[in-house]
Amino acid sequence: MATARAGGSLTELAKLGFSDLEGTIPKLDQLVKAVGDGGRVALASLAKSANPDQALNALLWLAETSQSALKAILNWPFLRSRSVAWMLNR
């Protein structure tokens with residue numbers, strides 16, 4: 001079974017609502033590489049969103065645009081959960 005260093009098994013990712021399972025693994029790794037452990041804790045917030053794949057893409061875009069802002073958001077649990085929800089409900 002394939003596993004993701006940041007997100008666990010493909011089955012676990014599917015249970016969290018991700019649909020692009022093969023694409024999610026490298027994206028999660030990319031997020032962790034960009035922002036450190038904050039990328040790992042973001043997984044719970046991503047799973048709460050209506051579209052975790054889209055939310056992950058938004059976080060990756062933010063990591064490319066303003067890595068320091070994303071790190072700050074991911075370090076605060078309240079902001080982390082609200083920011084992911086906000087990005088998808090626009």
_Steps toward side chain to side chain contact (heavy atoms under 4.5 Å, CB included) verdict (Leu56, Leu43)_ = CA-CA 9 Å; Leu56 178 56; Leu43 190 58; over 6 Å; no
*asked:* Run Leu70 and Leu31 through side chain to side chain contact (heavy atoms under 4.5 Å, CB included) and show every step you take.
replied: CA-CA 10 Å; Leu70 181 57; Leu31 183 63; 3.9 Å; yes
*Using atom types as modelled and distance alone, determine if a side-chain donor or acceptor of Gln54 lies under 3.5 Å from a backbone N or O of Asn51.*
no
_Suppose we screen for side chain to side chain contact (heavy atoms under 4.5 Å, CB included). Which residues come up paired with Gln67, at least two apart in sequence or across chains?_
Ala34, Val35, Lys71
*Would you check, one step at a time, whether the test side chain to side chain contact (heavy atoms under 4.5 Å, CB included) holds for Asp53 with Leu46?*
CA-CA 8 Å; Asp53 295 298; Leu46 292 169; over 6 Å; no
*Is there a side-chain contact between Thr24 and Leu28 (heavy atoms, below 4.5 Å)?*
yes
*asked:* Rounded at 0.5 Å granularity, tell me how far CD in Gln30 sits from CG in Leu60.
replied: 4.5 Å
*Is there a side-chain contact between Phe18 and Leu10 (heavy atoms, below 4.5 Å)?*
no
_Please give me the minimum heavy-atom distance between Leu59 and Ala42, naming the atom from each residue._
CD1-CB, 4.1 Å
*Looking at Glu22 and Pro26, what are the two nearest heavy atoms and their distance?*
O-CD, 3.0 Å
*Please confirm whether the backbone N or O of Trp61 pairs with a side-chain atom of Thr65, one donor and one acceptor, at under 3.5 Å?*
yes
